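Working notes, beginning with the structure itself.
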Amino acid sequence: DKEGHILTNYHVVEGADEIIVILDDNGTEKEYTATLVGSDPKTDIALVKINRESGDTKDFPFLRLGSSENLEVGEWVVAIGNPFGLSHTVTVGVVSALGRSIGAGPYDEFIQTDASINPGNSGGPLINIEGDVIGINTAIISGNTGGNVGIGFAIPINIAKGILKDLKERGTVTRGWLGVMIQKITPELQESFKLESSKGALVNDIAPNGPAAQGGMKRGDVITRFNGVVITHIDSLPKQVAAIKPGKSVLVEVIREGKVQTLNIKIEPMKEEKPA
């Protein structure tokens with residue numbers, strides 16, 4: 001934004017003793033130091049802020065944050081970054097796929113693109129043809145070359161926008177917690193539980209005294225709808241739960257012994273794991 005806040009990847013600033021930001025100022029490069037405002041390793045997003053010199057009140061140039069909600073496969077996109085240290089590099093491609101899970105974290109939902117993304121592009125913007133940022137370039141599948149093979153991944157900007165306020169105000173992200181362990185419904189489990197489809201998430205364990213336990217959920221329940229959203233795949237449930245503000249009560253639809261039941265569950269804050 002105009003005050004000098006910058007979204008980037010957590011892995012770009014992780015463990016840094018000093019953060020340097022270089023901006024183009026009318027054809028010349030101007031160097032600033034920056035401070036880490038907040039970070040979220042689970043989505044690989046960080047927020048830094050440029051340190052201004054005394055008396056410097058000039059607005060910084062910035063890009064508009066768009067929406068990744070209505071992105072379509074085949075849509076043109078532009079990636080900007082510093083691949084292999086080559087500053088201000090622009091590459092062009094299309095959205096290759098949406099909602100990709102690559103095992104990077106619990107909330108994977110990457111935009112896949114064939115716009116060239118290489119080491120050094122991390123944290124840079126993925127832009128649509130309107131000039132709005134719709135993603136943060138984050139990862140690649142590089143094969144044996146270490147470089148671009150046409151498969152790059154960007155974090156959808158709506159994920160970043162959803163945690164931006166928390167990062168600005170608190171430095172960390174507070175997520176909702178349901179208190180269940182879930183597993184995928186295999187064809188064997190579908191037959192065993194006499195389910196009409198493999199959609200949903202099977203509850204195989206419940207945290208004692210957690211939100212789910214207090215709301216009446218039981219082992220063997222199949223969660224099919226959460227807060228009005230149909231759970232078509234197991235990966236979608238953690239994202240839906242995490243998006244709920246702690247303290248809010250939500251309706252959770254489950255199938256129990258062949259019958260549909262609706263539970264009212266009050267979501268609690270996710271407990272952060274402490275290092276040993």
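Nothing here was measured: the structure is a model prediction, and the numbers come from that model. Residue indices begin at 1 and follow the sequence shown. Just so you know, these numbers use all the heavy atoms, side chains as well, and skip hydrogens, waters and symmetry mates.
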Are more than 12 heavy atoms from other residues, nucleotides or ligands located less than 6.0 Å from atom [atom1] of [X]?
{"X": "I20", "atom1": "CD1", "answer": "yes"}
{"X": "N264", "atom1": "CG", "answer": "yes"}
{"X": "K161", "atom1": "NZ", "answer": "yes"}

Working to the nearest 0.5 Å, report the span between [atom1] of [X] and [atom2] of [Y].
{"X": "E69", "Y": "I157", "atom1": "CD", "atom2": "CD1", "value": "14.0 Å"}
{"X": "E14", "Y": "L36", "atom1": "CD", "atom2": "CG", "value": "11.0 Å"}
{"X": "K165", "Y": "L47", "atom1": "NZ", "atom2": "CG", "value": "14.5 Å"}
{"X": "R225", "Y": "T232", "atom1": "CZ", "atom2": "OG1", "value": "11.5 Å"}
{"X": "E169", "Y": "L164", "atom1": "CD", "atom2": "CG", "value": "9.5 Å"}
{"X": "K245", "Y": "I267", "atom1": "NZ", "atom2": "CD1", "value": "13.5 Å"}

Do the side chain of [X] and the main chain of [Y] share a donor and acceptor less than 3.5 angstrom apart?
{"X": "S236", "Y": "I231", "result": "no"}
{"X": "E75", "Y": "E72", "result": "yes"}
{"X": "N128", "Y": "I134", "result": "no"}
{"X": "S39", "Y": "A46", "result": "no"}
{"X": "T138", "Y": "S122", "result": "no"}
{"X": "T224", "Y": "E253", "result": "yes"}
{"X": "D166", "Y": "V173", "result": "no"}
{"X": "N121", "Y": "N137", "result": "no"}

Is there a side-chain contact between V48 and T35, using heavy atoms and a 4.5 Å cut-off?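 With C-beta onward as the side chain, the pair stays apart.
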
Would you say that W177 contacts P246 through its side chain, given a criterion of any heavy-atom pair below 4.5 Å between the two side chains? no

*Could you go through the side-chain contact (heavy atoms from CB on, under 4.5 Å) check for Q261 and M217 one step at a time?*
CA-CA 10 Å; Q261 295 193 24; M217 194 171 287; over 6 Å; no

side-chain contact (heavy atoms from CB on, under 4.5 Å) assessment of V21 paired with I6 = CA-CA 9 Å; V21 174; I6 303 173; 3.8 Å; yes

Looking at every heavy atom in both [X] and [Y], which two are closest together, and how far apart are they?
{"X": "L202", "Y": "L189", "answer": "CD2-CD1, 3.8 Å"}
{"X": "A160", "Y": "I136", "answer": "CB-CD1, 4.0 Å"}
{"X": "R256", "Y": "L263", "answer": "NH2-CD1, 4.2 Å"}
{"X": "L167", "Y": "V37", "answer": "O-CG1, 3.5 Å"}
{"X": "D56", "Y": "K58", "answer": "OD1-N, 3.2 Å"}
{"X": "A139", "Y": "I117", "answer": "O-CG2, 4.4 Å"}

Side-chain heavy atoms under 4.5 angstrom apart, residues restricted to Ile, Leu, Val, Met, Phe, Trp, Tyr: same cluster for [X] and [Y]?
{"X": "V77", "Y": "V73", "value": "yes"}
{"X": "I155", "Y": "F153", "value": "yes"}
{"X": "I80", "Y": "L63", "value": "yes"}
{"X": "V203", "Y": "L237", "value": "yes"}
{"X": "I206", "Y": "V250", "value": "yes"}

Q) Looking at D40 and R175, does any basic side-chain N land under 4.0 Å from a carboxylate oxygen? A) yes

- Item | Ionic contact status for D1 with K49, cut-off 4.0 Å |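 No, no charged N to carboxylate O under 4.0 Å.
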
| query | Are T33 and N51 linked by a side-chain donor-acceptor pair shorter than 3.5 Å? | reply |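 A donor-acceptor contact under 3.5 Å links the two side chains.
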
message: Between Q112 and L98, does the side-chain contact (heavy atoms from CB on, under 4.5 Å) criterion hold? Intermediate values first, please.
response: CA-CA 6 Å; Q112 182 183 327; L98 297 166; over 6 Å; no

### Message
Is there a side-chain contact (heavy atoms from CB on, under 4.5 Å) between Y32 and I22? Walk through the geometry before answering.
### Response
CA-CA 6 Å; Y32 298 87; I22 300 173; over 6 Å; no

